[in-house]
Colleague: 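This structure is in structure tokens; I'll ask about it shortly.
Atoms within each ligand, like the ligands themselves, are counted from 1 in listed order.
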Amino acid sequence: MLTIALPKGRLADQTLDLMEKAGYDVSAARDKSRKLILEDKDAGLRFILSKPSDVPTYVEYGAADIGVVGKDTLLEEGRQLYEVLDLGLGKCRMCVAGPAELKDKLDEIPNKRVGTKYPNITRNYFEGVRNESVEIIKLNGSVELAPLTGLAEVIVDIVESGRTLYENGLDVLETVADISARLVVNRVSMKMKEEEIKPMIARLKVALAEEHSGEIH
Ligand code: PRP
């Protein structure tokens, strides 16, 4: 039996679609009730539906063998897990953003304040990549408000369509990382349940390759 932690919401459905393409019977997990654990003994699969940011916790502690989690969460939290596959779902970018007039002028602002939900990613980027120390202001959402209110000069946040930035007169200043959902595996499970996990990774890879070969370029 494999326990798979899925992030509640659209990403869970997209992951199930992919598993179905890979030949798994995931009908048990399509249950639209409020049940949080969905099990199919015959298929040998148990799905747990958790808050997206909690998926790595369930997998790291072995409460789940496998999980689906955004690269943003993995970069921010630096968990003890194996990241085995880029599922190509939920694609977006982690960016430094701010008023459009700051484009190409980031270096000109000394002692910047940076608003973000991702303090570790922000610190690693500014200190590690830009070799600059900044004041990080931790926020919990609607981060775009920070430069609009003077709380911070810039933000580090997820940009998907770019619409939130655009509608608030902000723009991408630099890209920090490309983000997408990743398949992660508990370190012990990888050894103890190798005969179930390895074929699953291989089948998902084939399903992903088939999807891509059908794309129009
Ligand atoms: C995310 C992110 C941006 C927005 C980007 O916020 O923090 O605000 O989506 O998407 P876009 O580029 O397509 O406009 P989320 O909806 O998760 O809410 P939050 O602001 O409360 O974090």
Side-chain angles (χ1 to χ4, degrees), residues 5-18 32 34 36 48-60 67-79 81 83 86-106 109 112-130 132 134-184 211 215:
L6 294 179
K8 269 197 280 186
R10 200 158 67 105
L11 204 48
D13 289 328
Q14 290 174 323
T15 304
L16 292 173
D17 292 344
L18 185 68
K32 288 291 172 212
R34 296 231 172 160
L36 297 173
I48 67 171
L49 297 171
S50 87
K51 193 174 156 72
S53 53
D54 288 338
V55 167
T57 310
Y58 284 97
V59 179
E60 182 175 15
V68 173
V69 58
K71 182 69 178 173
D72 51 338
T73 305
L74 293 175
L75 287 172
E76 182 61 25
E77 298 184 1
R79 299 303 191 115
L81 312 153
E83 179 187 328
D86 183 348
L87 297 173
L89 303 169
K91 278 190 185 171
C92 54
R93 284 185 296 159
M94 185 67 67
C95 294
V96 181
E101 57 270 22
L102 288 187
K103 200 137 191 153
D104 302 322
K105 294 200 178 123
L106 211 50
I109 313 162
K112 280 187 270 296
R113 284 170 303 175
V114 187
T116 189
K117 285 194 284 190
Y118 304 92
N120 292 327
I121 293 175
T122 301
R123 189 173 305 105
N124 290 341
Y125 183 69
F126 277 93
E127 289 180 4
V129 178
R130 287 184 54 90
E132 176 188 2
V134 293
E135 184 179 345
I136 294 168
I137 301 177
K138 169 79 167 69
L139 294 167
N140 295 303
S142 301
V143 176
E144 293 82 0
L145 267 175
L148 299 176
T149 55
L151 178 66
E153 282 80 20
V154 294
I155 59 175
V156 167
D157 199 19
I158 294 285
V159 178
E160 197 178 345
S161 65
R163 203 167 152 196
T164 310
L165 290 180
Y166 179 76
E167 292 193 2
N168 289 290
L170 303 171
D171 209 344
V172 170
L173 304 177
E174 287 182 5
T175 297
V176 175
D178 288 320
I179 304 295
S180 56
R182 309 295 160 100
L183 194 73
V184 294
E211 271 185 2
E215 277 173 9

Colleague: Students should find this: residues with any non-hydrogen atom under 4.0 Å from ligand 1. What is the answer?
Modeller: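 Ligand 1 pocket, heavy atoms under 4.0 Å: Lys117, Gly141, Ser142, Glu144, Asp157, Ile158, Val159, Glu160, Ser161, Gly162, Arg163, Thr164.
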Colleague: Rounded to the nearest 0.5 Å, what separates atom CG in Leu145 from atom CG in Asn168?
Modeller: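 Nearest 0.5 Å value for the CG-CG distance: 7.5 Å.
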Colleague: Lys71 and Glu83: salt bridge (charged side-chain N to carboxylate O under 4.0 Å, His left out), yes or no, with the steps?
Modeller: CA-CA 9 Å; Lys71 182 69 178 173; Glu83 179 187 328; 2.9 Å; yes
Colleague: Show me the donor-acceptor pairs, under 3.5 Å and distance only, between side chains in residues 134-143 and residues at least two apart or in other chains.
Modeller:
from	atom 1	to	atom 2	distance (Å)
Lys138	NZ	Asn140	OD1	3.2

Colleague: Counting distance only, does the side-chain N/O of Glu76 pair as donor-acceptor with the main-chain N or O of Ile121 below 3.5 Å?
Modeller: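 Answer holds: yes.
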Colleague: Going by atom type alone, with no hydrogens or angles, which donor-acceptor pairs under 3.5 Å involve a side-chain atom of residues 150-161 and a protein atom two or more places apart or on another chain?
Modeller:
from	atom 1	to	atom 2	distance (Å)
Glu153	OE1	Arg113	N	2.7
Glu153	OE2	Arg113	NH2	3.4
Ser161	OG	Arg163	N	3.1

Colleague: With sequence neighbours left out, what residues match Asp104 under side chain to side chain donor-acceptor pair (under 3.5 Å)?
Modeller: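 In terms of side chain to side chain donor-acceptor pair (under 3.5 Å), with neighbours along the sequence ignored, Asp104 is linked to no residue.
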